[in-house]
Amino acid sequence: MNAERQQAREEDALLRELDTLLADPAHAADPLRAPLAELLALYRQQHERIERLVRISDGYHGMSRLHSDSLADKFDRQVRRLEKLARISDMYQSNLRELTEALREASFKDPLTELGNRRYLMERLREEYERSRRKELPLCVAILDVDHFKRINDAHGHDVGDEALRRVADALRHAIRQYDTVGRWGGEEFLILFPETRIDEALHTAERVRTAIGAIHIESPDGGTTFPLSASLGITERQPDEAVLLAVTRADNALLAAKRAGRDRSVVL
Ligand SMILES: Nc1nc2c(ncn2[C@@H]2O[C@H](COP(=O)(O)OP(=O)(O)OP(=O)(O)O)[C@@H](O)[C@H]2O)c(=O)[nH]1
């Protein structure tokens, strides 16, 4: 770079010296003066042309660099936009999955007691029925109904009735065995499924459930008094080759018998 600059300086100095010599009247008659002046003019024209070409070439390079820079920028922007879209799409999909799962859960859950609802119980009944049939295992069903529940609502209000149902659900959750299933069958009725269980064992658990419900005391809204709860249960074992809904109907009949016999008891049919 320095050598180039030095050469340019020397060239300038030589040209200036030539100009001075050509302008000097002392050399006006020199026969070399005219061809030298012409050579100098030609050189300058040539030089100017080269400079112009270099300027055009530089401009072209600059432009193409600018163009390729802006293409790279565009590409980067596009990649960033696509990454963002992919992130949003991932987030959207995982939200959708969570929402679907939450909806599925909600569609199987009773909001008041947070136990499985009738739809959930129907599904479990079908599954357990299939399993017990395939593996020739026993299966028992119990239906529990809170006694005189209408009176609770009438005497203390619907909110207290709701609280009573929640407390019954808690007692049920704790009193059944790990592999039993309980859910809200409807209103003040609950259904318990006892897989791989004979009737004696199911009755034993049902009695434990009944005792747990008997131990519940609900506070009346005036705050001063409490009142107890009781429940009746109808229990049955699925017979060989019997559809599970027939067993449910028999459990219902057993429950009716328990009510008729005075409530607060378990009846096996
Ligand atoms: N608070 C409240 N009450 C409910 C709910 N679902 C049903 N009930 C009430 O439960 C009561 C059930 O009354 P009945 O079927 O006459 O039975 P019962 O009073 O329990 O009498 P027995 O079953 O014969 O002992 C009705 O008054 C329903 O309105 C609920 O989610 N919350």
Side-chain angles (χ1 to χ4, degrees), residues 102-125 140-176 180-194 199 202-238 244-269:
L103 274 176
R104 209 189 72 85
E105 251 191 67
S107 74
F108 282 107
K109 203 184 248 183
D110 166 49
L112 178 70
T113 60
E114 300 203 327
L115 288 177
N117 58 16
R118 195 181 183 106
R119 180 198 293 224
Y120 165 79
L121 286 169
M122 287 304 284
E123 198 141 294
R124 298 288 292 123
L125 273 166
C140 285
V141 183
I143 300 182
L144 176 152
D145 185 291
V146 184
D147 294 330
H148 295 306
F149 192 68
K150 189 172 180 311
R151 287 188 198 165
I152 299 173
N153 273 336
D154 292 348
H156 306 288
H158 209 267
D159 285 350
V160 175
D162 282 356
E163 174 59 13
L165 288 176
R166 276 193 290 266
R167 298 280 295 276
V168 168
D170 282 345
L172 272 160
R173 256 192 288 262
H174 289 110
I176 60 168
D180 297 335
T181 294
V182 65
R184 191 172 177 197
W185 192 235
E188 81 289 19
E189 280 192 355
F190 298 83
L191 185 141
I192 313 168
L193 254 177
F194 305 91
I199 193 75
L203 177 62
H204 183 75
T205 307
E207 284 296 274
R208 193 167 61 234
V209 164
R210 203 170 59 81
T211 309
I213 292 173
I216 297 173
H217 280 78
I218 307 284
E219 270 191 28
S220 61
D222 57 40
T225 55
T226 60
F227 60 89
L229 295 178
S230 76
S232 304
L233 292 101
I235 313 152
T236 198
E237 183 175 334
R238 188 183 78 85
V244 74
L245 286 181
L246 273 183
V248 172
T249 306
R250 200 165 46 252
D252 226 357
N253 290 335
L255 169 65
L256 208 67
K259 291 279 181 183
R260 285 197 183 126
R263 298 179 174 81
D264 194 13
R265 69 197 62 215
S266 302
V267 167
V268 172
L269 259 187

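Order of appearance sets the numbers: ligands from 1, and atoms from 1 within every ligand.
Which of Asp145, Asp110, Asn153 comes nearest to atom 1 (N) of ligand 1 through a heavy atom is settled by distance: it is Asn153.
An N or O contact shorter than 3.5 Å links Lys259 to ligand 1 by distance. Taking distance alone, with nitrogen or oxygen atoms compared against 3.5 Å, Leu165 stays at or beyond that limit from ligand 1.
Against a heavy-atom cut-off of under 4.0 Å, Arg263 is close to the following atoms of ligand 1: 22 (P), 24 (O), 25 (O). Those atoms of ligand 1 with a heavy atom of Gly161 less than 4.0 angstrom away are 1 (N). Atom numbering of ligand 1 starts at 1 in the shown order; those under 4.0 Å from a heavy atom of Gly187 are 6 (N), 7 (C).
Among protein heavy atoms, atom 20 (O) of ligand 1 sits closest to Phe149 N, 2.7 Å. Nearest protein heavy-atom contact of atom 13 (O) of ligand 1 is Lys150 CB, 3.6 Å. Glu188 OE2, 3.3 Å is the protein heavy atom nearest to atom 12 (C) of ligand 1. Regarding atom 32 (N) of ligand 1, its nearest protein heavy-atom neighbour is Asp162 OD1, 2.7 Å.
Between Trp185 and Met122 there is a side-chain heavy-atom pair separated by less than 4.5 Å. Contact of the Phe190 side chain with the Ile213 side chain is not registered, since no non-hydrogen atoms from C-beta on lie closer than 4.5 Å. Proximity of Asn253 to Thr249: side-chain heavy atoms (C-beta onward) are separated by under 4.5 Å at one or more points. Contact check for Asp159 versus Glu163: no side-chain heavy atoms found under the 4.5 Å cut-off. Looking only at side-chain heavy atoms (C-beta outward), Arg184 and Leu165 come within less than 4.5 Å of each other.
Under 4.0 Å from ligand 1, the heavy atoms of Arg184 that appear belong solely to its side chain.
Defined by atom type and a distance below 3.5 Å, a donor-acceptor pair is present between the side-chain atoms of Arg124 and Thr181. Of the N and O atoms on the side chains of Asp145 and Ser232, not one donor lies less than 3.5 Å from an acceptor on the other residue.
Ionic pairing of Asp170 and Arg173 is present here: one or more N-O contacts between side-chain nitrogen and carboxylate oxygen are shorter than 4.0 angstrom.
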